[in-house]
Structure formats: structure tokens, C-alpha cells
Amino acid sequence: MTNFKSEILSQKSIALGYMEMTFRWPEESEKPKPGQFLTIKIQEQPVPLLRRPFALSGFDEEQKSASIIYQVRGTGTKMLAALKAGDPLDVLSPLGNSFSLPAVDETPLLVAGGIGLGPILYFARELDKAGHSPVLIFGCREKSLIPDLPPLTNGRIQFCTDDGSAGFHGSSVDYMNSLSSDETGNAKVYSCGPTGMLKACHDFALSRDLSCETAMEEMMACGVGACMGCVVELAEDQDRKYARVCKDGPVFQSRTIKWT
Amino acid sequence: MTNFKSEILSQKSIALGYMEMTFRWPEESEKPKPGQFLTIKIQEQPVPLLRRPFALSGFDEEQKSASIIYQVRGTGTKMLAALKAGDPLDVLSPLGNSFSLPAVDETPLLVAGGIGLGPILYFARELDKAGHSPVLIFGCREKSLIPDLPPLTNGRIQFCTDDGSAGFHGSSVDYMNSLSSDETGNAKVYSCGPTGMLKACHDFALSRDLSCETAMEEMMACGVGACMGCVVELAEDQDRKYARVCKDGPVFQSRTIKWT
Amino acid sequence: MDLSIKIKDKILPNPVGVASGTFGYGEEYAPLTDLSALGAIYTKAVTVEPRPGNPLPRLVETPAGMINSIGLANVGTERFLKEKIPFLNSLSCPVILNVAGSLEEEYAEVIRRVDSQDALWGYEVNISCPNVKHGGLAFGTDPVQVERLTSSLKKLTDKPLIMKLTPNVTDISAIARAAEAGGADAVACINTVMGMVVDIHKRKPAIPAVTGGLSGPAVKPVGVAAVYRVSKAVNIPVIGLGGIMNADDAVEYLLAGASALQIGTANFVDPDTSGKVLTGIKEYMKEAGFTRISDFHGHF
Amino acid sequence: MDLSIKIKDKILPNPVGVASGTFGYGEEYAPLTDLSALGAIYTKAVTVEPRPGNPLPRLVETPAGMINSIGLANVGTERFLKEKIPFLNSLSCPVILNVAGSLEEEYAEVIRRVDSQDALWGYEVNISCPNVKHGGLAFGTDPVQVERLTSSLKKLTDKPLIMKLTPNVTDISAIARAAEAGGADAVACINTVMGMVVDIHKRKPAIPAVTGGLSGPAVKPVGVAAVYRVSKAVNIPVIGLGGIMNADDAVEYLLAGASALQIGTANFVDPDTSGKVLTGIKEYMKEAGFTRISDFHGHF
Ligand SMILES: Cc1cc2nc3c(=O)[nH]c(=O)nc-3n(C[C@H](O)[C@H](O)[C@H](O)COP(=O)(O)OP(=O)(O)OC[C@H]3O[C@@H](n4cnc5c(N)ncnc54)[C@H](O)[C@@H]3O)c2cc1C
Ligand SMILES: Cc1cc2nc3c(=O)[nH]c(=O)nc-3n(C[C@H](O)[C@H](O)[C@H](O)COP(=O)(O)OP(=O)(O)OC[C@H]3O[C@@H](n4cnc5c(N)ncnc54)[C@H](O)[C@@H]3O)c2cc1C
Ligand SMILES: Cc1cc2nc3c(=O)[nH]c(=O)nc-3n(C[C@H](O)[C@H](O)[C@H](O)COP(=O)(O)O)c2cc1C
Ligand SMILES: Cc1cc2nc3c(=O)[nH]c(=O)nc-3n(C[C@H](O)[C@H](O)[C@H](O)COP(=O)(O)O)c2cc1C
Ligand code: FES
Ligand code: FES
């Protein structure tokens, strides 16, 4: 974990309202793992005050660059989207834990929705490179929200749209449910996205007795585990009531979370 | 007085740390007079919160454009300096009163220092155009602070530097004192700049029994006379203790001000 | 959609007024916003005698806020009647006189002298003023003083009487209850928060009075909390203010329990804030299916 | 240049500490700032029993500030001794334990159990906690409670005892005097300012506890005013905090009367704020010709 001054290498729109930003990763800094995140200090003035957290969406060891995919939402992300290649970037990273690797005989089912695409994409690419055959399922409302992504080599990408305007007609969970138990028999589920989708993935995994890891999101202040601000509530059988997303997560076994 | 959305036409550095910005002046809006000012809402975020006041430094009736000359000082002016031609500008203007015209037989002695250049320059050009022979005296620390200005037709510009690196060696008041009483016999003094210089101009005018108008500056909130925030203290013989710079000024007869 | 609010037996046409001290007596803003569309103009404080106000500088900016030290600079009751009433008389929006003083008797005297004026819809009593009889502590910091002041002013007028609360107290609910007990027809909160800035170059306070009143977006969370607590404590209308810059901020205050609002510092930034806020409130109500201001209340 | 500050009979090496609740127990920030260069670490509050803290969400941003509703989430005294003391023991900077409770007896019990630890330089007593015996009003809002709590804790320890004041009171000077009368070795101010945000889309408070604690640049003027007033009221050192983001802010607090400082919310924005502030204070002192921290005082 280091707080470094980086430089933006490129910034482009990849879907309606979504940007991909690539920036320099310092030689000395630890390589980030899929699921880990960073925080960015967006500007000098105290509005917005806090650093903004984003999951890593890719890392290029040779180019010494990393990237994030983010949605333009409020003040902070609007300011971020206005930055250009060459602008400086104040980055604190890598933060948090990461997805755990599937066993060699497990098929990784990677489910992403909305701003959950980044970490899932990064993980899918790493698994793909390592010879796994990940299935990346990305669900969104409609076609304009589907990002333009290079295909995987061993695995594949399955788009799903609520309105059927592209890919599978239905949610990513509908798609998973459409798979036969044979097809998901040795699957391991990984998810990142809106809470409703995460819970549905968890329920799906429970119903088919699969293991499921989920990357969570909560409003953060410190991002390093010091302020106790970013907690999620844990299931009753856990040894404590809350866990910090930034330090104990963002990746949790879905069974440990209290889904409400 | 209107609050209008304008557009920046040009922005350039005219001396070390000083910028000149030209922007569109709307057809419907009242023509500003020398000494009047505007306020600019620099950005949407509440830091800096308040509008920033600047004196008009020029107005082009044909081009329907106006300009300001400003020093890059703090947060607000730094942000202003980062804007480019084509960017929108939120302007409230014209505000305040203006310099009064000299009599036909009076020689206008216009004294400017630092950020006081704008209104004095505007006034000098108007007088010049109207056939007066204004003497614009601009004093600053050293050569790099001397702005590049087109010459006057009837009048002239006298630069003074504290270190003698250009023009007259000494302050603008030293320069005025170097003029014989004959030369200043029918002068009328106008001044804008640092308080010390304003007081010196006032003292000079008193000592030679000349009339002196001075454009003041105070921290402002409303800029329109409503908040009572921008007051200056008046001389004991005045009928009230304080006057508002934004509404009763910014131009005052120097004799009405309490100089301390 | 009914935007009106009843205070005592009188009606404010809509909830968006402009706050005392930020709008003068209306004249200066006439070219910049539609005065007739205002829910109310709360005037700059008026005292019995003219007051020059505090020494300068009177203003300093802070992060997302500003501090003012205007003092009660005003022309006094006599010149107010002569110089300001004619213009105020010409306005169609309600005009609420902000009344101030250093003694109970001074507040009373202002009301006695102006109460016959039809131009005045009602009074807002500024109890953030130091009470010279009580060691300079503000009237508004002591429930006993507040109840007494309220009930004695109530006797002098039939117009609505609004007590304007200071946030610089341990328990603003107790002060609000005291105002209600004294017969206040409404309470407004908040006045400015005590703050201070040091000029580190000159090594002295940025304003000669040392501490001043903090306003603007920085204090919005303080104002919303005050309105929430006060509206749970009393049964009279609560007028919310403090840092309202746009319609979203205004809706926060309404949901927290405010029945009406005042725009203060925002007038300096955008003189037409009140107009935009009113439009935004209407849009929010339409989307939410609200038909009256009270529909904002009771959600939590 | 002597940057040290004496509190009771002990020395803080420099004035720049990090504030309770914003720095955990130091471990998390070890890779990001030089802990050995800190003037002090004020730990997250510790209570006798472990506390899970408040329901989520616990954070919301405000203009130039943030509101937290962490509650007193902590592992309790027993696990604090087992899990946190070993790391704290390894640090060369002073560690000041922030103590909290709902009853006087709970504060006392924490101090009794930990007082033999050499790792602890002293205590900072968080009196913003609701006093369950007094209807939930915070200890720190009542001078009588504050004096009593202070004097009873003083008897339990020889380490410096710092009372941390809440700004949510009518007269913070009175509270500070009560702490001094009770034997406090220093006072720290300010804790967070009560604030609230409403989620206008969900139509409920942004945090379940409804109101929370406002911190960050927005409250700096409130903190500076508090430090100024308190330092005029008492003769013990005043530790200033609230919205310090950089050395200029720190110098404001020192000139207002603070002898030491704490960096809180700024740690979240730049984890090395404390290092930069210390450097900046030294530069200011050099330019001003100051040789010790007390040279900041008495300019106004
Ligand atoms: C571990 C983690 C990983 C994330 N990864 C991504 C990602 O890869 N791509 C992406 O687009 N977004 C991601 N987010 C969400 C992203 O942080 C927010 O969208 C962003 O902070 C919004 O900032 P804003 O100023 O534009 O919006 P605001 O106007 O401030 O808020 C818009 C929304 O974002 C939430 N938000 C604001 N600040 C934070 C914060 N500090 N922490 C968490 N949520 C916040 C608010 O609650 C609000 O709902 C992640 C969040 C977390 C916690
Ligand atoms: C009537 C009038 C006319 C002016 N004309 C010019 C001009 O033609 N050219 C020019 O360069 N400057 C002019 N100024 C000064 C200019 O307004 C300030 O330099 C500017 O506001 C600084 O903003 P900032 O955010 O960069 O600096 P900050 O960091 O905010 O402050 C730097 C300095 O500027 C002063 N200042 C900040 N805000 C205001 C304000 N709202 N009103 C007055 N002073 C303020 C502060 O007191 C401080 O000393 C004028 C001021 C007034 C009142
Ligand atoms: C420059 C200025 C002058 C003020 N004068 C008065 C006053 O005379 N009487 C009063 O009750 N409040 C006065 N106030 C307080 C405001 O009416 C309002 O309560 C406060 O500013 C908070 O609202 P805001 O954040 O929207 O400005 C003044 C505020 C400012 C900024
Ligand atoms: C997330 C968070 C947690 C806090 N927890 C505590 C605490 O446990 N005990 C305490 O005395 N103060 C606590 N505080 C208050 C800070 O120590 C400090 O007084 C306040 O935040 C003002 O300083 P700042 O503006 O620099 O943050 C906390 C503040 C924050 C932001
Ligand atoms: S954001 Fe501070 S503990 Fe997670
Ligand atoms: S700035 Fe408000 S009266 Fe001049």
C-alpha cells in the first residue's frame, strides 16, 4: 500500500456514462490483485472532501500501468472524467483483499453489474491468462450500457440485457438459472455489482450448493481500515457483528454476509 | 445591473502574474463606465464560495466585449486563470459608481498600482478618446511587472519602478512629486491600487490643493449594497460612519475617506 | 399543488423567503430576482436607534462558508419608517421585519413604533443579540429569557411573531419550547454559527470583533439537525435556513420538518437562488406526488 | 527551535498529533506516514466492554466536511490490552488513550485496567458520550458532570489527563473551566459538531442514528473560535483540532491559543498530513523568528 503521484495515460468512454482510465503504476509499488481497489484524491479543494474508491479493472506489468472503469455519478466522478492524459493523479493503492483463485477443476462464473464490471473483468482476464475458462456474465438495462470489451482467449463473455436489446434477454441471474445443474456443477461464483444482484448470486449459489465470493461496496472515509466507517453487517453465525469493507474486504464469502 | 451568462473571448498574461480576460457583453446590458466593476461566480462548487469582484478594464462597444485585468492571487483567481476562450462565465455587472469626468481645462493625473491598473486604464482610454490628455502613471516593483500596453493618442503612460529597472526610478507618488506645481496646477487626481498608494495620492492632492478621486477595494459578499459587508470608514466630518464600497463606491472623493 | 403555509392567522404564499441581513430591504435585488414571487422578505435587523455596525473588515471566507461581523448596522426605526417603508409598501410579497435590540425594552419599542404599518406582514425576532442586562450572553441562549421576551412582545401585536433561534446552544429544543410557551407563532432556525478565522500573516483575527457568524453550505448539516430536533419539540411551524444553495438543500430542510425556508448566503452567489429553489421544490413535489408542503413531513 | 510541549510533567515531542477515531491504533497508517515523527497518537475510543458500533451507513459527505456515526465501535479493554498494546509498545511516539463510557464508573474502569501500561503516555477523555444516568445528555454539556468526572478520574492515574470538549454547548469556556477545576492537565477541543443529512431520494436520514458528528474543513472556524475562547478561560494547555488540513490551518489554531494540535479528517484525504503540517509549522516559525511553540501565543 503506497500513496503515489501517478499520471493519467488515457481516458475514454466505454459505454453510456462509463469511463475507462489508465494511469502509470510506479515500479516500486506492489502489484495489485483482482478485487483490490485504490482511492483517488480528486482535487485540492475540499469539495468533494474525501478520496473516491474504485476497483482496479486491469494491470499491465510490462507497461507499468493500471486502469479503472467508473461510472460518472456525482461531483467527484464528474471531475475525474474531466481529466486528460498527462494530468497528475493522486493514488492510494493497492487496498483491500482480493478474489481467491478457483481450484483447477472449478469453472469460474463471474457475475458483474454496473460499476462492478472493473474488478470482475480484471479477474476474468487474469484467470483467462492462467488457463482457466472463466465465464464473465455482465448484465445491464440495455444495449447502450454494454461496454466494448476485447474477447477472452479461453473463457467467454456473456452479455445480458433487461430489455433484450442485446445478448441474453433477462438479468445475469436469470441467465445463470438458465444453465443446467450439470453446467454449473463445478462452478465457483464471483460477483460484483448492485446489492440486489449480489444477493441473487448468493441465493443462486446457495441453491446449487456452490461457493460464492462477493465484492462489496460501502461509503468510505479512510480506505485503510482505521475509521470503522465502511462496515457491512455479518451473518448471525459470525464472531463479530460488522466487518470493514476496505480492510476485511472488499471480497467476502457471500455466506458470511447478512443479506437483508 | 444584470446577472448574465457570458463567454470568454480571450485570456492572456500581460505581466508577471497578471492576466487580461476579454468576454462577451450582452446587447441588452447597460454599458459599463470606468470605475464600475463586475462580480464573477467562478465555479459551481462552494469553494471558493463567494463571487469575485473585478473592475472593468475596457469595453468595446462594437465588438460587444468587455475585459478585466487581474492578478492571480488565491484559489478563485487561479481557477479563473485556468479558463479558456469559449468557456462560459457568470457575470453580474455593471456594479457601483464611476469616476467623474474632469473639467475640460483639468489635466487628469491617473495613478495606478498593482491590481488597480484595470479601472484606471479603462478611464484613461475613454478620456483619451474624448480628447483629454490623461497622464497614466503606473508604479510597480520592477520591470517584469510592467504590462504591455498600447500607447494613448493624446495622453501618455508613465511607468515607475521601485528598483529603477524601467521608467521613472521611484514610486508613482515620487514621480508626481517630481512634477512642478505648474505642471500639476490644473490637475485632477484619480487613483486605484494598494491602500498606501491611495493615501499617498490623497496626501499629494491635499498638499497641492487638488481634487482626488480614489477607487477603493474591500472584501465583498453581495456586491449590490444589500449586506453591509464591504464598508470603508468615512472621515469624521461625514454624515455617517461607514459607506459601502460596492454601492456608494467604489469611487470616493478621497477627502471623504478616513485614512489611517 | 398548494404551496402556501399558514402562520398564526396569516398565509405565506410559498415557502421560499430570503433571510435577514442578506437581502437588505429588497431594493438592491429588485433588478435581479422577481420580488413578487418570494415567499417572504425577512428584512435586515432594525433596532430602535440607528447603528453604524461593526468595524471593518466585516467579512471573511471559510471553506464552503463565510463569516460576517456586520453587527446590527441599520438606519434605526425612524428612518426605516421614512426611507424603507414606501418601497416595502409597493411589494406584493409578505415583508417580515427582523427586530433586534440589546434590552427587552428595545425590541418592544421597535414593534410599538412600526406595528401600524400595513406593509409589515409580521416579525422575526433576532435573539442572537447579546443581552446587555445578562452579561452580554445572547438572549437566545437562555430559555427563561426567551420565554419572557416572547410573551412580552406577543402582547404588543396581532401580527405573526417568529422567534429566530441561535444554534450556539446546548439544547436548541429547549429554547424552541420556551419560545412556544411564550406564545411564538413560529420559530426560525438557524442564525449563524459562532466561528473565527485568524490571519496568519498579520497574526490577528481576520475580523476585529474576533468571532463572527458562520453561514453558507458549511453549516447546512447543523441547520438541518436543528430543524429536525426543533420540529420534534414544538407544534408551531418551523422555518428552516442555513446553507441552502439549491432545491435539493431546500427539500432536505422540508423533509427534516421545516414548513418554510429562507435563502441567505446563497443570494450573494446567485441572486435568483430563491426563484430556482421554488421551481425545484415544485418539481420535486410533482415527482413525489405531494400536493401540499405538509406532505414533506412525517417520513421519519 | 524547540517544538516540545509540556503537559503535566510529561513532554510531547512536537505539537502535531493525530485525532481519535481517524487513525485507529496506528497500525493501518504505518506504511503511509512516519509514526515515529508524530507528536502523539490519540487512539480510537476504548470502552470497558467491546462495542460493535452503530448500524450502517455510518458516513456521509457534506460541503467541505463529513458526518460520521461510528459510535464507540471498539474491541473493549481486555482485547485492547491483548491485541493493540504490543504494537503500541513498539512505537516511539506518545500514545494517548481515548477513553469513553456511558457511566462515570465505566471511564474509571478503563483507566484502572490499563494504567500500568508503559505504552500509554496519557489519557484523553471523550466527554461527548451520552451519560445514561442523565437522560442521555452528553457528559460534556454540563459543567458539574465534567468537574466531577475529571476529579474522579484524576485520582486513578499519574499520567496526564486531557478532557476533550464538545462544541455542542452554549458556553464552552464554562466547560473548560470545570475541567480545569476538576484537575485536568489539558483540554482538547473540538470534538465533532452535531449535524444531519437527509437523503431526499429515500426520504430518510442519511445515517440511521439521524444526527451524527460533523468534521473537516467546514468546522474549522468553529474549532478556532472554541480554542480561542477556551485558551482565554483556562491556564492549562489547550489542544486544538477541527478541520486542520494543512500547515496554515495549524498555524491559525496555534495563534488562537493552542499549544498542540490534532489532525483528524485530513488523514483520510492525505495520510501524511501530519508530516506535512509539522514541516510547515517549522517553516512558519523560522520565518517568524519563533523559537518555541509559546511564541505563537499572546499576539491578540
Ligand atoms: C471498494 C469500492 C470499489 C468501488 N469500485 C468502483 C468502480 O470500480 N467503478 C465505479 O464506477 N465505482 C466504484 N465504486 C463506487 C465509487 O466509489 C462511487 O461511485 C464514487 O465515489 C462516487 O463519487 P461521486 O463524487 O461521483 O458521487 P457522489 O455524488 O459523492 O455520490 C454518488 C454515490 O456514490 C457513493 N459514494 C460517494 N463517495 C463514496 C465513497 N467514498 N465510497 C463509497 N461510495 C461512495 C454515494 O453514497 C452516492 O450513492 C467503488 C466503491 C467502493 C467502496
Ligand atoms: C471593487 C473591487 C474591484 C477589484 N478589482 C480588481 C481588479 O481589477 N483586478 C484584480 O486583480 N483584483 C481586483 N480586486 C481584488 C479581487 O477581487 C481579489 O484579488 C480576488 O477576489 C481574490 O480572489 P482569490 O480567490 O484569488 O483570492 P483569495 O485567496 O480568496 O484572497 C486573496 C486576497 O483577495 C481578497 N479577496 C478575496 N475575496 C474577495 C472579495 N470577494 N472581495 C474583495 N477582496 C477579496 C482577500 O481578502 C485576500 O486578501 C477587486 C476587488 C474589489 C472589491
Ligand atoms: C451578511 C449577513 C448578515 C446577517 N444579518 C442578520 C440580521 O441582521 N439578523 C438576523 O436575524 N440574521 C442575520 N444573518 C443571519 C442569516 O439571516 C441566516 O440566519 C444565516 O446566514 C444562515 O443562513 P445561510 O447559511 O443561508 O446564510 C445575517 C447573515 C449574513 C451572512
Ligand atoms: C470517523 C471518526 C471517528 C471519530 N471517533 C472519535 C472517537 O472515538 N473519540 C473521540 O474523542 N473523537 C472521535 N472523533 C472526533 C475527532 O477526533 C475530531 O475531534 C473531529 O473529527 C474534529 O477534527 P477533524 O475535523 O480534524 O476531523 C472521530 C471523528 C471521525 C471523523
Ligand atoms: S473506510 Fe475507514 S475503515 Fe474502511
Ligand atoms: S458587498 Fe454587500 S454591501 Fe457591499
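Every value quoted in this text rests on a predicted model; they were computed, and no experiment measured them. Residue numbers begin at 1 in each chain, while the letters A, B, ... track the order of the sequences. Reckoned from all heavy atoms, side chains included, excluding hydrogens, waters and symmetry mates.
- A:K5 NZ: more than 12 foreign heavy atoms inside a 6.0 Å radius.
- Of all heavy-atom pairs between A:L92 and D:P271, the closest is CD2-CG, 4.1 Å.
- Heavy atoms of D:Y29 lying under 4.5 Å from chain A belong exclusively to its side chain.
- Counting non-hydrogen atoms of neighbouring residues, nucleotides and ligands closer than 6.0 angstrom, the NZ atom of A:K31 exceeds 12 such neighbours.
- Using a 4.5 Å cut-off between heavy atoms, D:P55 touches chain A through backbone and side chain atoms alike.
- Contacts of D:P52 with chain A are made by both backbone and side-chain atoms, with heavy-atom separations under 4.5 Å.
- Counting non-hydrogen atoms of neighbouring residues, nucleotides and ligands closer than 6.0 angstrom, the NZ atom of D:K202 reaches no more than 12 such neighbours.
- Of the two parts of D:T265, only the side chain, counted from C-beta on, holds a non-hydrogen atom closer than 4.5 Å to a non-hydrogen atom of chain A.
- For A:R141, the CZ atom counts as loosely surrounded, since its 6.0 Å shell holds 12 or fewer non-hydrogen atoms of other residues, nucleotides or ligands.
- Ranked by heavy-atom pairs shorter than 4.5 Å toward chain A, the options D:I70, D:V60, D:N267 are led by D:I70.
- Chosen from A:E218, A:K41, A:Q45, A:R51, the residue pairing most often with chain D at heavy-atom distances under 4.5 Å is A:R51.
- Note that the SG atom of A:C227 and the CG atom of D:N68 stand 8.0 Å from one another [nearest 0.5 Å].
- Heavy-atom pairs under 4.5 Å with chain D were tallied for A:D90, A:N3, A:T75; the largest tally goes to A:N3.
- The shortest distance between side-chain heavy atoms of D:F23 and A:C222 does not fall below 4.5 Å.
- Of all heavy-atom pairs between A:G229 and D:R58, the closest is O-CB, 3.6 Å.
- Atom NZ of D:K276 is surrounded by more than 12 heavy atoms from other residues, nucleotides or ligands within 6.0 Å.
- In summary, D:E27 and A:K247 do not engage in a salt bridge, as defined by a charged side-chain N under 4.0 Å from a carboxylate O.
- Between D:K44 atom NZ and A:M228 atom CE the span is 8.0 Å, to the nearest 0.5 Å.
- For the residue pair D:P217 and A:L49, the shortest heavy atom distance occurs at CD-CD1, 3.7 Å.
- Only the side chain of D:L32 comes within contact range of chain A, with at least one heavy atom under 4.5 Å from a heavy atom of that chain.
- When each of D:N54, D:N74, D:D272, D:T22 is checked for heavy-atom pairs under 4.5 Å with chain A, D:N54 comes out on top.
- Considering every non-hydrogen atom in both D:P31 and A:M1, the closest pair reads CG-CE, 3.6 Å.
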Set out, in order, the CA-CA distance, both residues' side-chain angles and the distance that settles side chain to side chain contact (heavy atoms under 4.5 Å, CB included) for D:M245 and A:E44, then state yes or no. CA-CA 10 Å; D:M245 301 301 283; A:E44 285 308 308; over 6 Å; no
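- Here A:M219 is the residue among A:M220, A:K241, A:M219, A:R240 with the most heavy-atom pairs under 4.5 Å with chain D.
- Other residues, nucleotides and ligands place more than 12 heavy atoms under 6.0 Å from the CD atom of A:E142.
- Chain A forms the most heavy-atom pairs under 4.5 Å with one residue out of D:P63, D:P57, D:G24, and that residue is D:G24.
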